[in-house]
Amino acid sequence: QLQLVESGGGLVQPGGSLRLSCAASGFTLDYYAIGWFRQAPGKEREGVSCISSSGGSTNYADSVKGRFTISRDNAKNTVYLQMNSLKPEDTAVYYCAAGGVVAGIPPCRYFEVWGQGTLVTVSS
């Protein structure tokens with residue numbers, strides 16, 4: 001019933017840009033923090049970015065700061081990840097995940113719903 005679907009991945013050359021989308025169905029994103037994660041070939045999953053339910057707080061992994069921007073459009077029930085100046089090391093399957101508000105715990109700690117991922121390949 002609760003689903004997240006990522007889209008926007010593909011093949012891009014180094015220095016290029018992609019915009020990933022995370023669309024929710026079966027629930028509204030208004031009350032959920034949304035995180036983006038990625039898993040590169042042969043590596044463990046890592047956090048990329050997260051945005052609070054209100055949109056008032058965002059965070060980024062050091063490796064993507066200044067290049068990636070997370071945003072949300074609650075009217076469209078969608079969260080975006082704008083990726084600029086892409087590098088080969090950004091190649092990975094990108095996942096979005098939703099975590100509801102938990103009293104006394106900062107956002108972007110627990111995630112309850114995960115998407116299936118979209119592949120981003122950065123190669124010359």
Side-chain angles (χ1 to χ4, degrees):
Q1 184 177 2
L2 306 181
Q3 294 186 13
L4 295 173
V5 179
E6 303 93 338
S7 62
L11 175 64
V12 64
Q13 295 188 16
S17 298
L18 285 174
R19 188 193 195 195
L20 305 184
S21 298
C22 174
S25 63
F27 68 107
T28 178
L29 292 180
D30 291 13
Y31 307 104
Y32 289 83
I34 302 296
W36 283 98
F37 301 80
R38 68 186 182 186
Q39 187 166 18
K43 298 184 178 180
E44 294 187 347
R45 186 178 63 204
E46 64 174 337
V48 176
S49 183
C50 190
I51 187 168
S52 63
S53 59
S54 68
S57 179
T58 60
N59 61 55
Y60 299 89
D62 288 342
S63 59
V64 307
K65 285 182 179 177
R67 299 189 298 120
F68 291 10
T69 303
I70 190 170
S71 62
R72 64 191 303 154
D73 186 342
N74 286 349
K76 295 183 178 180
N77 219 22
T78 301
V79 173
Y80 304 97
L81 184 68
Q82 178 67 46
M83 306 186 296
N84 299 325
S85 302
L86 284 162
K87 305 174 181 179
E89 50 263 45
D90 294 318
T91 295
V93 176
Y94 284 72
Y95 303 87
C96 64
V101 174
V102 179
I105 300 178
C108 302
R109 296 293 191 275
Y110 296 96
F111 298 94
E112 306 159 32
V113 185
W114 291 77
Q116 295 299 303
T118 184
L119 176 63
V120 172
T121 302
V122 185
S123 177
S124 60

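Residues take their numbers from the sequence shown, with the count starting at 1. Note that the structure is predicted; figures quoted are calculated from it, not measured.
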Examine distances only and state if a side-chain atom of R19 and a backbone atom of G9 form a donor-acceptor pair shorter than 3.5 Å. no
Under a 3.5 Å distance rule, please check whether Y32 uses its side chain to pair with a backbone N or O of F27 as donor and acceptor. no
Besides V5, the hydrophobic cluster formed by Ile, Leu, Val, Met, Phe, Trp and Tyr side chains linked at under 4.5 Å, directly or via other members, contains none
Criterion side-chain hydrogen bond (donor to acceptor under 3.5 Å, both in side chains) on D73 and T78, from CA distance to verdict: CA-CA 5 Å; D73 186 342; T78 301; over 6 Å; no
Minimum heavy-atom separation for L2 and G26, please, with both atom names. CD2-O, 3.4 Å
Determine, for K65 against D62, whether the closest basic-nitrogen to carboxylate-oxygen distance falls under 4.0 angstrom. yes
Tell me whether I34 is reachable from V93 by hopping between hydrophobic residues (I, L, V, M, F, W, Y) whose side-chain heavy atoms are closer than 4.5 Å. no
May I ask you to decide if Y60's main-chain N or O and S49's side chain share a donor-acceptor pair within less than 3.5 Å? no
Within this structure, what is the OG-CD distance for the pair S71 and Q82, rounded to the nearest 0.5 Å? 8.0 Å
Rounded to the nearest 0.5 angstrom, the OG1-NZ distance for T91 and K43 is 10.0 Å
For residues C50 and A33, report the shortest heavy-atom separation together with the two atoms involved. SG-CB, 4.4 Å
Residues 96-113, side-chain donor-acceptor partners within the protein, below 3.5 Å, at least two apart:
unit_1, atom_1, unit_2, atom_2, d
R109, NH1, P107, O, 3.3
E112, OE2, G100, N, 3.0

Say you draw a straight line from CG of L86 to CG of L18; how long is it, rounded to the nearest 0.5 Å? 5.5 Å
So, for N74 and S53, which heavy atoms are closest and what is the spacing to 0.1 Å? ND2-O, 4.2 Å
Could you tell me how the ring of W114 sits relative to the ring of Y95: parallel (under 30°), tilted (30 to 60°) or perpendicular (over 60°)? perpendicular
Evaluate L29 against L4 for side chain to side chain contact (heavy atoms under 4.5 Å, CB included), listing each step before the verdict. CA-CA 10 Å; L29 292 180; L4 295 173; 4.1 Å; yes
Would you mind listing every disulfide (SG to SG under 2.5 Å) that reaches into residues 59-88, with sequence neighbours excluded? none
Starting at CZ of R38, measure out to CG of L81 and round the result to the nearest 0.5 Å. 9.5 Å
What about V64 and M83, same hydrophobic cluster or not, with Ile/Leu/Val/Met/Phe/Trp/Tyr joined at side-chain heavy-atom distances under 4.5 Å? yes
For Q39 and E44, indicate whether the former's side chain and the latter's backbone hold a donor-acceptor pair under 3.5 Å. no
Joint cluster assignment, V120 & Y80, ILVMFWY side-chain distance < 4.5 Å: no
So how far is it from Y94 OH to T118 OG1, rounded to the nearest 0.5 Å? 10.5 Å
From I70 atom CD1 to S52 atom OG, the distance as rounded to the nearest 0.5 Å: 9.5 Å
Tell me if the CD atom of Q116 is crowded by more than 12 foreign heavy atoms within 6.0 Å. no
Check for me, please, whether V122 and F37 land in the same ILVMFWY cluster - side-chain distances under 4.5 Å, paths through other members count. no
Between the side chain of R67 and the main-chain N/O of S85, is any donor-acceptor distance below 3.5 Å? yes
